[in-house]
Student: 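I have a structure here, written as structure tokens, and I will follow up with some questions on it.
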Amino acid sequence: MTDEQINELYTDVFEMLDIYKEYSPVHADGTNNMDNIKPAIENMIDYIMKDPMETAALKDWLDNTDFWTAPASSRFHGNIKGGLSLHSLMVIKQSLEFAKPVLDNFFTSPGRNNYVITAKDIFIAALVHDFCKTGFYTVEYRNTKDISGNWVKQPFYKTRSDNRNLGHGNESVLMMLKILPSMIDNRMVMEAVSRHMGFSDLSDSESYNYSNFLENPLVILLQLADQTAAQWFGC
């Protein structure tokens, strides 16, 4: 990458971090302001997306699925209403936070000229990485006792039994391409989304050449952001 491309990358990264900080849905004490998730993501979309048709298509998809209300999991991080959108925003934020230290290091490596990465690439990969979880869960109820010892119906999330899923990362790639068809030419982003789970979401044949994908800095960046969002911030 040229110095001009790198400067543009970091300028956009810091601008989007400023948007996140304006809304700050995740607080240091572990509480969350769920009402601030949607405006934060939508303002980031408006800033970084230049194609009005794809901008509209992305926003329409977010509004016409359960992206804003679905959990991020049934048992682990983000297993609350709105957990998926909260997790997605936190992965965006972590990706942007780690972008400069991770990429500055990558730019000292022999492969620095093999990839041209933009802030839009980082944002899109982080936003769409768990799109496969939309429509993935259903709410069921179990009998449990409340604090007074009375039996009540307690809601919980459960994976739908009729799901047809081609793999966690790969399913999200397919959904991304349907919404944003121009990304078909962006293999770097497709690889990052497809391989964001590391070894845990691969068949034996996919594992055979997995290490080759680690040459892609966006694969590393998205894996780091995803893991830290879940394990450090619980969302």
Student: Do the non-hydrogen side-chain atoms of L89 and K93 ever get within less than 4.5 Å of each other?
Tutor: no
Student: Going by distance alone, is a donor N or O of one side chain under 3.5 Å from an acceptor N or O of the other, for Y20 and N43?
Tutor: no
Student: Contact between S88 and F67 at the side-chain level, heavy atoms closer than 4.5 Å - yes or no?
Tutor: yes
Student: Please name all residues satisfying side chain to side chain donor-acceptor pair (under 3.5 Å) with N33, sequence neighbours left out, ordered by chain then number.
Tutor: none
Student: Looking at side-chain heavy atoms only, is the closest gap between I80 and P71 below 4.5 Å?
Tutor: no
Student: Between R187 and E191, does any NZ, NE, NH1 or NH2 come within less than 4.0 Å of an OD or OE carboxylate oxygen?
Tutor: yes
Student: Taking the side chain as everything from C-beta on, heavy atoms only, tell me whether L103 gets closer than 4.5 Å to F98.
Tutor: no
Student: Answer yes or no: is there a side-chain heavy-atom contact under 4.5 Å between M175 and V128?
Tutor: no
Student: Quick check: is F14 connected to I41 through a chain of hydrophobic side chains (ILVMFWY, heavy atoms under 4.5 Å apart)?
Tutor: yes
Student: Quick one: sort the H129 and H196 rings into parallel, tilted or perpendicular, breaks at 30° and 60°.
Tutor: perpendicular
Student: Within 45° of the six-membered ring axis of F131 and under 6.0 Å from that ring's centre, is NZ or CZ of K178 located there?
Tutor: no
Student: Could you tell me if the side chain of M188 sits less than 4.5 Å from the side chain of V116, heavy atoms only?
Tutor: no
Student: Measuring only between side-chain heavy atoms, which start at C-beta, is M16 closer than 4.5 Å to I48?
Tutor: yes
Student: Distance alone, cut at 3.5 Å: any donor-acceptor contact between the side chains of T134 and D66?
Tutor: no
Student: Side chains of K120 and D12: closer than 4.5 Å at any heavy-atom pair?
Tutor: no
